[in-house]
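To start, the structure itself, in structure tokens.
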Amino acid sequence: MKIYRTYTIHSARFIPTLDSNHPCKKMHGHTFKIIIELDGPINEKTGFVMDFYDLDLIVNNKIIKKIDHKVLNDIKGLENPSSEHLSIWIWNKLIDSIPLLSQVTISEEHGTGIKYLGK
């Protein structure tokens, strides 16, 4: 069974590798939606794949507190913080604590997004 939880963060970034005339080369902000998806069996005792309360504790401590209202470029491992790199960074921060992690989705404004399956 698949479960998911959506988190919203606000962060600034610039993409240093772009040409100087590209608008994303300059500092700008986004409201990101981060969707954490798990895939696994229902626990017979709890009735959950994973308790959302426990998921929130992990995600808030390992991810949200580190990137919400921050400049992503200032965070180790996110010096080039494209949404693609952000999804991989999030996966790597969570996979040891959430072995049922199956997908990380990053959505920016305007309907754009990235889905990362850990491969």
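Any value given below was found using the heavy atoms of this structure, including those in side chains, with hydrogens, waters and symmetry copies removed. Counting from 1, the numbers follow the sequence of the chain as shown.
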Open item on the list: Measuring from atom CD1 of I106 to atom CD1 of I34, what distance do you get when rounded to the nearest 0.5 angstrom?
Closed with: 4.5 Å
- [ ] Consider only side-chain heavy atoms of I, L, V, M, F, W and Y, link residues closer than 4.5 Å, and tell whether L78 and M27 are in one cluster.
- [x] no
Open item on the list: When you measure from the side chain of H28 to the backbone of R13, do you find a donor-acceptor pair of N or O atoms at a distance under 3.5 Å?
Closed with: yes
Task: Closest heavy-atom pair and its distance - C24, L18 - done: CB-CD1, 3.6 Å
TODO: For Y7 and D56, test the side chains for any donor-to-acceptor distance below 3.5 angstrom and give the result as yes or no.
DONE: yes
Task: Over 12 non-hydrogen atoms of neighbours within 6.0 angstrom of NZ in K62 - done: no
TODO: Decide yes or no for D39 and L101: does some side-chain heavy atom of the first lie under 4.5 Å from some side-chain heavy atom of the second?
DONE: no
Task: Within-4.5 Å side-chain heavy-atom neighbours: N92 and I88 - done: yes
Open item on the list: I need the K66 NZ to I64 CD1 distance, nearest 0.5 Å.
Closed with: 11.5 Å
Task: Value rounded to 0.5 Å, distance of CG in N60 from NZ in K65 - done: 7.0 Å
Task: Student check: side-chain heavy atoms of I67 and F32 closer than 4.5 Å - done: no
TODO: State, without any angle test, whether K33 and T8 hold a side-chain donor-acceptor pair at a distance under 3.5 Å.
DONE: yes
Open item on the list: Testing the basics here: between W89 and K76, what is the closest heavy-atom pair and its distance to 0.1 Å?
Closed with: NE1-O, 3.2 Å
- [ ] Check whether any side-chain N or O of D51 sits under 3.5 Å from a backbone N or O of Y53 as a donor-acceptor pair, and report yes or no.
- [x] yes
Task: Which atom of M50 lies closest to which atom of L38, heavy atoms considered - done: SD-CD2, 3.5 Å
TODO: Check whether any side-chain heavy atom of F48 sits under 4.5 Å from a side-chain heavy atom of M1, and report yes or no.
DONE: no
- [ ] Determine, step by step, whether E84 and L86 satisfy the side-chain contact (heavy atoms from CB on, under 4.5 Å) criterion, reporting the C-alpha distance in whole Å, the side-chain angles of both residues, the deciding distance to 0.1 Å, and the verdict.
- [x] CA-CA 5 Å; E84 291 85 343; L86 180 58; over 6 Å; no
TODO: Heavy atoms only: give me the nearest S102-L117 pair and the separation to one decimal.
DONE: O-CD2, 3.5 Å
- [ ] Group every Ile, Leu, Val, Met, Phe, Trp and Tyr by side-chain heavy-atom contacts under 4.5 Å, then state whether I42 and I36 land in the same group.
- [x] yes
- [ ] Mind checking salt bridge (charged side-chain N to carboxylate O under 4.0 Å, His left out) for K2 and listing every partner two or more places apart, or none if nothing turns up?
- [x] E37
Open item on the list: Is it true that, when you exclude K115 itself, more than 12 heavy atoms of the residues, nucleotides or ligands shown sit nearer than 6.0 Å to its NZ?
Closed with: no
Open item on the list: Looking at every non-hydrogen atom in both residues, tell me the closest pair between E79 and P16 and how far apart they are.
Closed with: O-CG, 3.5 Å
Open item on the list: With heavy-atom distances below 4.5 Å as the criterion, would you say the side chains of V49 and N43 are in contact?
Closed with: no
Open item on the list: Using a 4.5 Å cut-off between side-chain heavy atoms of Ile, Leu, Val, Met, Phe, Trp and Tyr, which other residues end up in the same hydrophobic cluster as I35?
Closed with: Y4
Open item on the list: Membership question, hydrophobic clusters at under 4.5 Å side-chain separation (ILVMFWY): are F52 and I63 in the same one?
Closed with: yes
Open item on the list: Show the nearest heavy-atom pair for residues I114 and S83, with the distance to one decimal.
Closed with: CG1-CB, 3.5 Å
Open item on the list: Applying ring pair (Phe, Tyr, Trp, His ring centres under 6.0 Å), can you list everything that pairs with Y116, at least two apart in sequence or on another chain?
Closed with: W91
Task: Nearest-0.5 Å distance, CG of residue D74 to OG of residue S11 - done: 11.0 Å
- [ ] Group every Ile, Leu, Val, Met, Phe, Trp and Tyr by side-chain heavy-atom contacts under 4.5 Å, then state whether I58 and I75 land in the same group.
- [x] yes
Task: Spacing of CG belonging to L100 relative to CG belonging to L94, to within rounding of 0.5 Å - done: 12.5 Å
Open item on the list: Any side-chain to backbone donor/acceptor pair from H10 onto T31? Under 3.5 Å, distance only.
Closed with: no
